[in-house]
Amino acid sequence: MTRWNALPVLLVVVVLLAITAGSGGAAPAPARGGTLTMVIGSDPPSLDPHRTPSVNIAHAVMYETLVTVDRRTGEFIPGLAESWEISQDGTAITFKLKRGVKFHDGTPFNAAAVKTTFDRLVSKETNAPGASWVGTLTRTDVVDDLTVRLVFSKPYAPIFSSLRISFLAILSPTAIAKMGADYGQNPVGTGPFRFKQWIPNDRIVYERNPDYAWGPAHYKNRGAPNFDQLIIRIVPDESTRVIAFERGDIDILPGAPARDARRMMRDGKFPFIQIPTTSGTYLGLNVKKPPINDVRVRRAIGHATNTDEVARIALEGLAVPMLSPIAPTIWGYWDGVKQFALNHDPDRARALLAEAGYRPGPGGAMMKDGRPLEFTVWTYARMTNVRVAVVLQSQLRTAGIKLNIEQMEPATLLASTQRGEHDAILISYGWPDADILYYFFHSSRLATTNRVHYVNTQVDKLLEDGQTTVDTAKRLEVYKQLQRILLAEVPWVPLASELSVNFNQPYVQDIYYDKFGNLLLLDAYRTR
Amino acid sequence: MFRYVARRLLHLIPVLLGISFLVFLLVHLVPGDPVRVMLADAGSPEQVERMRRQLGLDRPIYVQYASFVVRAAQGDFGRSIHTRRPVAQEIAFRIPYTVHMAVAATLVAVAMGVVLGAIAAMHHQSALDYGTMVVALAGVSLPNFWLGLVLILVFSLHLRWLPPAGADSLAHLILPAITLGTSSSAIIARLTRSSMLEVLRQDYIRTARAKGVGPRRLVYRHALKNAMIPVVSIVGMQFASLLGGAVIVETVFGWPGIGRLAVDAIFTRDIPVIQAVVLVAAVIFVFMNLLVDLLYGLLDPRIRYG
């Protein structure tokens, strides 16, 4: 057994500002029954984890994964697997599975189910959007009924971060055979809630799985959930979502828009919790495009940026400034990065620009060869992104750099940046592991996610090491080095990592979130 | 009459072909790739190519278009790229929601519009006339999303009378129908007013008045019916254009209709769905026009179909 299952968690700051549950005196026993209603902004494309580009709460309440994350410590703990062992060379993981687990359709959960699921996930025919989450997985072997082995062509260190995500949830082999491509309309999992009804663009309804008895150890209640029914309402408009919650039509409002969140936090009518997210907003600089192909210009942009201000003003204080391309909540973030960070230093910015041959011109603009220093940033036409861009624009102006802002719709932005037509992009990512850097900076990802068109053989090598280094301490070293290089070369100016503010009605008790912001519902109950 | 309807329906074919081709071309000209959206950026280049092949998106545009037309003619619109559900099923599910909304909004628009317009006409050049026309002007000018949010704030949050979002009951229909109906009602009010004024100047009205017909009877039995002829045509057009307004209203009120389907499909570049939604909208539009033309004949016996 290696230390994989105890990956250290760095900087988990879950700020519990107001939780009414159990405060003062003995808490009453949780009440059974009732319906819990929560709200999200859009339908998942499919409830089949192999046919959707993103998974969310709608999958998480119904499906389960082999491992999960302890809500208090952030460590990997047993989910559907009871224990696991990693081979010496790191290319095989053997899972002992929990006994007595059943899918919603009555099919017993066993090694064959895990194999069928993973085979389907990686098959060329399925071509699942989530297939990349298993990395170098080559095959899944059934050892015995309750033992299964994942075999990798070379060690894939981020696998545990992946294993807890619903993309890798275990599906019923009976249902796979019966439903095929229609699994998403008739989803079958092992989770505490089972699927009942889906009215597209309106609601997804689940009911209690009465047979459920295998909840993860971080719950008090490890059996069936207290609620008879769970409804996930789909309401696209932010303001309507908030009003529906304030009226009491909805019990849980995750991720309230910043403006409303601030007001409701002041009002104090509803319990809330602020949770760091694994997302990061950054300014990506196309290193091939003049004038920002000059590293001194990129560093100047970094030093002209005030990330505290970005978090405080543009994001209403509901964010933490980012010092590294890796958000502080993500595994692999290194606190020592502070000494290499692109701290706010306008004098240093001007000195760097002078070094690059720029001289102050009319109106304070930095000029070179008769042209002012100017570039354009492309961003989503999303309120927060635009506000961040505007704050950035005014900060850069004081350093003599002119920033133009162009807003686009997501599909257009993605397509255009892949062709490298842009100077810069302002965009966010969300990921649980430092392996994100591979997608954004490895040269093999040039035409796709490497939007800054960055090529560096040393970085390539380190990114590959980050995927294959099994020893946690050594792996952390790799990412330390990567963070230093990326802060010196500045293909990204890291900006801020948003906080999620989640509200709930005061009569809903014992709602928990893990450090990734996932809602944990087994202990929750209504007092009326 | 039968021949007239048949001919109008035959005209539909080239219209739909033209519309579908334009939309097809537009979707392909706009940057953004459904496969990249679907794979959420994480896909390798090989995976992207494989999916493009699976979806037939690697073939030349004219081949894709031809195969679309052939299959559509058989009632098969393929599967959504984004949700993988049959497109026909996606649309069939949402049409009733949008039709309910459009009918309710039309009722609101007609009720408000005709009453306001008739009042204004009967009190020509009085304060009441100007007042109602100012209200009508405001009605056209208010953006749907703004009016919708104000209605939600007042009637959902403060008065707590009506739910702000969802599609469970008749109560859920009221606020979106008022929001959507208001702008149309303004147009109908203005038209009713001018049409009424026109009719009230006609000889037969003067004759009726001379014969001692009371003002109430005069308006309801004699004037209003004839004043309604141009109004009917605008109501038909408004009904069809409500489908466009539904995009915003359905988003604000969380109504699972065809407008939201269209928006989602455009964001994900879901070509089969965009195609089908536009065709459905075009068919509704053309049918409403036909219906309006036929209604003319009922209201005005002088109109003949040739």
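Numbers restart at 1 for each chain; the letters A, B, ... are given by sequence-line order, proteins then strands.
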Check this for me, if you would: do B:Asp168 and A:Arg203 make a salt bridge, where the nitrogen-to-carboxylate-oxygen distance has to be below 4.0 angstrom? yes
Among B:Arg84, B:Glu90, B:Arg94, B:Met51, residue most engaged with chain A (heavy-atom pairs, under 4.5 Å): B:Arg94
Once you round to the nearest 0.5 Å, how far does CD of B:Gln47 lie from OG of A:Ser132? 6.5 Å
Measuring heavy-atom distances to chain B, does A:Pro200 have an atom under 4.5 Å in its side chain, in its backbone, in both, or in neither? both
For B:Thr83 and A:Arg51, run side chain to side chain contact (heavy atoms under 4.5 Å, CB included): C-alpha distance rounded to whole Å, both residues' side-chain angles, the deciding distance at 0.1 Å, then the answer. CA-CA 8 Å; B:Thr83 68; A:Arg51 299 201 185 272; over 6 Å; no
Can you say whether A:Gln185 sits under 4.5 Å from chain B via the side chain, the backbone, both, or neither, judging by heavy atoms? side chain
Is it the backbone or the side chain of B:Gln54 that comes under 4.5 Å from a heavy atom of chain A, or both, or neither? side chain
With a 4.5 angstrom heavy-atom cut-off, could you sort out which part of B:Tyr97 is near chain A: side chain, backbone, both or neither? side chain
Given heavy-atom pairs under 4.5 angstrom as the criterion, report whether the side chain, backbone, both or neither of A:Thr52 touches chain B. backbone
With the side chain counted from C-beta on, respond yes when B:Glu250 and A:Asn201 share a heavy-atom pair under 4.5 Å apart, and no when they do not. no
Do you know the tightest heavy-atom contact between B:Phe267 and A:Glu409? CE2-CG, 3.2 Å
Please find the pair of heavy atoms, one from A:Arg247 and one from B:Ser156, that lie closest to each other, and give the distance. NE-O, 2.8 Å
Count the heavy atoms belonging to other residues, nucleotides or ligands that lie under 6.0 Å from CD of B:Gln74, then report whether that count exceeds 12. yes
Top residue by heavy-atom pair count (under 4.5 Å) with chain B, among A:Ser444, A:Ala128, A:Gly184? A:Ala128
The interface call for A:Asp202 against chain B, heavy-atom contacts under 4.5 Å, is both
Side chains of B:Arg269 and A:Thr412: any donor to acceptor distance under 3.5 Å? yes
For the interface with chain A, which of B:Pro164, B:Gly32, B:Gly257 has the highest count of heavy-atom pairs at distances below 4.5 Å? B:Pro164
Got a second to check how far B:Leu55's CG is from A:Asn127's CG, nearest 0.5 Å? 9.0 Å
So with a 6.0 Å cut-off around CG of B:Leu159, is the heavy-atom count from everything else above 12? yes
dist B:Met38:CE -> A:Ser46:OG (nearest 0.5 Å) comes out at 7.5 Å
Heavy-atom pair count under 4.5 Å with chain B, highest-scoring of A:Pro236, A:Pro44, A:Ala131: A:Pro236
Region of A:Ile199 in contact with chain B, defined by heavy-atom distances below 4.5 Å: both
At a 4.5 Å cut-off on heavy atoms, which part of A:Asp48 comes close to chain B: side chain, backbone, both, or neither? neither
Determine whether A:Asp237 and B:Leu149 make a side-chain contact, defined as any pair of heavy atoms from C-beta on separated by less than 4.5 Å. yes
Check this for me, if you would: do A:Asp43 and B:Arg85 make a salt bridge, where the nitrogen-to-carboxylate-oxygen distance has to be below 4.0 angstrom? no
Heavy-atom distance under 4.5 Å to chain A: side chain of B:Pro34, backbone, both or neither? neither
